[in-house]
Amino acid sequence: MKILVIAEKPDMGRNIAAVIEPKARNQRTHLEGEQYIITWAIGHLIGLAEPDAYDPKYKKWNFRDLPIIPDEFKIVPNPRTKDQLKVIGDLAKRCDRIVNACDAGREGQHIFALIQRQLKLRQPVKRLWISDLTPESIRKGFDQLRDSSEFENLTRAARARSEADWLIGMNASRAFTTKHNNLLSVGRVQTPVLALIYDRQKEIEAFDSQTFYEVRASFKQHDKTYEGVWQGDRITDKTKGEAIADKVKGKEGQITKYDIRESKEYPYKLYDLTLLQRDANAKFGYSAKKTLDIAQALYERHKVITYPRTNSNYVTEQNIDGMHKVLGMLKNTPYEELAGGADGKRVHVNNKAVCNPGKVEDHHAILPTLKKPGTLSKEEQQLYDLIVRRFLAQFYPPAEYKHHTVMTVVEQETFKTAVKELLFLGWKVTLPDKDKAKSGNKSSARKNSDKEEDQEEEVQEPFIIDSKLPVLCRKVDVKEKATQPPKAYTEGTLLKAMESAGKQIENEELRDAMKESGLGTPATRAATIERLKQVGYVTASGKKIELTLKGRAAIELIRSAGVELLTSPEMTGHWERRLNQISRGEADPDRFLESVKKFAVSVIDKVSTQLPAAAGAFGDESSRARGKGKSGAGSSSSRARTKAASGPSKSGSARSSSRGASPAAATATVEKKVSLGAAGEHAALGSCPCHGCGGVIIEGRKGYGCSHFKQGCKFVIWKEYVGKNISVTMLKSLLEKGETQVLSFKKGGQTHKGRIKLAEKETGKLMVEAVHS
């Protein structure tokens with residue numbers, strides 16, 4: 001009899017067949033050769049059953065039926081891929097051995113285990129465990145197939161994770177949805193991520209910008225000029241800044257302190273998936289999902305990179321020889337010059353910045369393979385270029401800098417100069433030209449970005465001054481500045497926050513458990529962000545991720561119910577610690593699931609005492625739950641189904657309640673699309689403040705007007721007012737607070753402070769209110 005090889009996806013199966021059965025007959029659903037039959041799953045062929053599989057009453061969502069806790073979890077085939085599952089079952093009957101060739105990781109293990117369980121496969125199983133799909137790796141992997149018993153604990157951990165997510169997702173989602181009559185998706189990972197976005201938004205809203213003044217002087221010594229920033233308490237009175245400027249301008253000064261130190265900057269770490277997603281988002285604006293899809297194509301279809309779903313930035317001793325071979329291959333590609341200048345001796349088993357087996361779990365860092373890329377799309381080429389350049393950087397020496405700190409005193413006033421002088425470019429020669437100049441700024445700026453005096457000016461020419469000679473203060477500028485609020489998350493910065501979420505946990509043991517994982521895994525973080533978009537909790541505005549009214553209300557309701565743990569990374573820390581122990585055979589999965597069941601019951605108990613959310617708390621009536629549907633929170637096989645009401649709806653005001661939605665949630669921006677017939681769809685920017693109108697504010701070419709303009713509403717705010725452009729952010733502040741933040745207005749050569757205020761809610765008439773410091 002033959003050996004059945006089950007890969008995770010068709011491309012992977014064909015790659016394997018090309019190596020172990022090059023003359024195999026292609027039968028569309030599988031490839032058959034002399035010794036092997038190679039077939040594949042199509043992702044998850046099987047998932048956990050929906051609640052109505054245990055009792056038909058669960059088809060209708062009813063709070064009284066909660067909690068839903070199966071005695072034993074049922075699994076069901078995915079109806080869309082059931083034909084392929086039957087193919088695997090039929091082929092298995094013709095084989096006496098099986099090779100599990102699904103992705104080498106917890107989820108790949110889970111996919112195979114579900115197939116094995118559903119089809120009741122009894123044949124002996126071997127495990128193919130490889131990190132790339134090059135012929136060399138596949139051949140070596142089949143020569144060194146591992147026994148499936150080595151992965152039994154990993155399978156138990158994967159199953160426990162899946163069932164625990166089902167328990168929390170199904171019960172918490174149904175509890176909050178039925179209690180508050182709006183489809184609210186709750187999940188172990190997605191809810192803490194939503195809380196990160198919520199907390200950042202609250203910080204931004206609470207931020208009170210402060211105006212201050214920076215005094216910057218230009219000094220000259222012979223032919224050398226340099227700039228310094230005045231040192232002292234922050235100046236909030238412009239006249240004080242101008243007095244300092246008048247005092248020192250044209251006067252002679254002395255250098256009272258001149259420190260020089262040298263530093264080295266070593267290459268950035270090799271890519272793991274999250275770091276690659278962050279860079280691709282920052283450089284190209286790619287979403288996390290898009291980057292993962294492109295990387296998967298480079299791995300599966302083109303076979304030019306190693307397995308991308310990795311959480312490691314390091315390699316093992318076994319990878320070093322392969323890295324040198326790839327370096328040789330790159331000398332015959334467009335990277336010839338960079339590869340030719342590389343020093344192979346720099347990458348070796350004792351270089352812990354590259355080779356650190358202790359920090360490699362399932363897979364090593366993402367590397368280029370020996371296969372030369374053929375025709376890549378523009379996006380594939382961009383991602384491949386990032387990976388190759390990061391790889392080549394490891395073969396170059398560190399960049400070298402000289403840091404100059406100069407303190408200059410003029411008329412008892414002190415100015416500080418910080419200069420970062422490039423001595424040797426080193427590995428930064430591998431960066432694209434546009435990145436070389438700004439590469440050093442990463443480490444040169446201090447935490448407080450408002451203080452420019454804390455930033456180093458990076459220069460490439462020698463910085464030479466004589467500390468013993470006097471200097472002349474030639475020019476002085478007094479610049480008005482303002483403190484800046486925290487930045488809204490982008491997908492890149494959110495991925496970083498998810499990765500480091502465990503650092504917020506005070507418990508050291510839990511923090512250590514999350515050190516390598518954070519919220520979610522590299523393979524699931526993109527899906528989590530997409531999920532938040534799909535359920536209407538966040539929207540993407542350019543690169544920024546913005547919280548919707550529904551997302552805001554969801555977090556406030558969960559926290560006010562007394563189940564803050566659902567919004568905290570701490571629960572994931574507990575889970576990851578226990579799942580890691582299960583995968584090592586140090587913990588019992590049944591005991592873990594019992595604790596999860598108890599927590600699910602406690603969530604139901606606490607939500608039961610909560611008052612329903614006020615009407616309009618979610619801003620969009622189209623997602624109202626109708627008491628039926630299937631919750632998709634926490635289970636990839638689940639999909640929420642709800643009837644959508646047509647047309648825009650009015651947003652009511654929320655009543656303040658200790659357990660219901662807060663007033664802040666009710667007055668936040670309405671996030672939806674408004675249908676205006678022939679006018680098309682427009683994003684709603686807020687509720688119309690005109691009494692009894694019920695419309696929403698939308699953006700036009702010259703102003704922001706009410707969607708009920710055809711019904712006679714005359715509210716409009718023009719985009720230009722007294723020389724100021726009214727941005728969307730300013731508009732929302734006018735709608736929600738009735739005024740903007742403090743602005744500067746110029747009149748007759750003088751600058752005045754003031755706020756733009758909404759003078760008439762019926763028409764949108766504005767006025768300026770002076771602010772006296």
Side-chain angles (χ1 to χ4, degrees), residues 198 201-209 485 488 536 538-539 541-542 544 546-553 556 614-621 648-656 661-676 679 681-722 724-743 754-769 771:
Y198 173 91
Q201 182 62 35
K202 295 292 283 185
E203 287 179 48
I204 294 171
E205 291 171 359
F207 184 82
D208 186 14
S209 180
V538 301
T539 58
S541 176
K544 288 195 302 184
E546 295 184 348
L547 187 71
T548 66
L549 184 57
K550 183 177 180 180
R552 182 189 294 257
E556 291 176 349
F618 304 98
D620 185 357
E621 301 298 318
S649 59
K650 298 180 182 180
S651 175
S653 60
R655 294 185 298 273
S656 178
S662 72
T667 57
T669 304
V670 181
E671 301 285 353
K672 59 179 180 175
K673 294 289 184 181
V674 182
S675 175
L676 296 177
E681 287 190 341
H682 296 260
L685 303 174
S687 298
C688 179
C690 184
H691 180 70
C693 170
V696 292
I697 303 305
I698 56 175
E699 183 175 1
R701 190 164 60 90
K702 293 184 178 181
Y704 308 96
C706 180
S707 61
H708 285 185
F709 65 92
K710 289 185 178 179
Q711 287 92 326
C713 182
K714 297 180 180 179
F715 184 92
V716 63
I717 291 178
W718 301 110
K719 288 186 177 179
E720 186 174 337
Y721 177 69
V722 294
K724 293 289 183 184
N725 290 322
I726 306 297
S727 67
V728 171
T729 301
M730 292 167 69
L731 170 78
K732 290 181 179 180
S733 183
L734 286 165
L735 294 175
E736 295 168 12
K737 302 176 183 177
E739 61 184 19
T740 65
Q741 65 178 32
V742 176
L743 303 169
R755 301 178 192 270
I756 298 176
K757 302 196 72 169
L758 182 59
E760 293 182 7
K761 292 184 178 180
E762 303 297 314
T763 63
K765 182 179 179 181
L766 304 177
M767 63 173 285
V768 176
E769 181 183 76
V771 174

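Heads up: numbering here begins at 1 and tracks the sequence.
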### Query
Would Lys202 and Arg552 satisfy side-chain contact (heavy atoms from CB on, under 4.5 Å), going step by step from the backbone distance to the final call?
CA-CA 10 Å; Lys202 295 292 283 185; Arg552 182 189 294 257; 4.1 Å; yes

### side-chain contact (heavy atoms from CB on, under 4.5 Å) between Cys706 and Cys690, intermediate numbers included
CA-CA 9 Å; Cys706 180; Cys690 184; over 6 Å; no

Give me the atom names and distance for the closest heavy-atom approach of [X] to [Y].
X	Y	answer
Phe715	Pro689	CE1-CG, 3.4 Å
Ala488	Lys544	CB-CD, 3.8 Å
Leu743	Met730	CD1-CE, 3.8 Å

Under 3.5 Å, which donor-acceptor pairs link side chains of residues 755-769 to any protein atom two or more places apart or in another chain?
from	atom 1	to	atom 2	distance (Å)
Arg755	NH1	Thr740	O	3.3
Glu760	OE1	Thr763	OG1	2.9
Thr763	OG1	Lys765	N	3.3

### Task
Indicate yes or no: at least one non-hydrogen side-chain atom of Glu699 is less than 4.5 angstrom from one of Leu731.
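Sidechains of Leu731 and Glu699: no contact.
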
### Query
Do Leu735 and Ser687 come within less than 4.5 Å of each other through their side chains, counting heavy atoms only?
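No, their side chains stay 4.5 Å or more apart.
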
### Donor-acceptor contact below 3.5 Å, side chain Thr548 vs main chain Gly551
yes

### Message
Please check: side-chain N/O of Ser707 versus main-chain N/O of Gly695, any donor-acceptor pairing under 3.5 Å?
### Response
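Side chain of Ser707 to backbone of Gly695, a donor-acceptor pair under 3.5 Å: no, none is there.
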
Distance in Å, [X] [atom1] paired with [Y] [atom2], rounded so as to fall on 0.5 Å steps:
X	Y	atom1	atom2	value
Phe618	Leu549	CZ	CG	8.5 Å
Lys732	Ser727	NZ	OG	10.0 Å
Ile726	Lys719	CD1	NZ	11.5 Å

#### Entry: Qualifying residues under side chain to side chain contact (heavy atoms under 4.5 Å, CB included), relative to Lys737, sequence neighbours excluded
Ser733

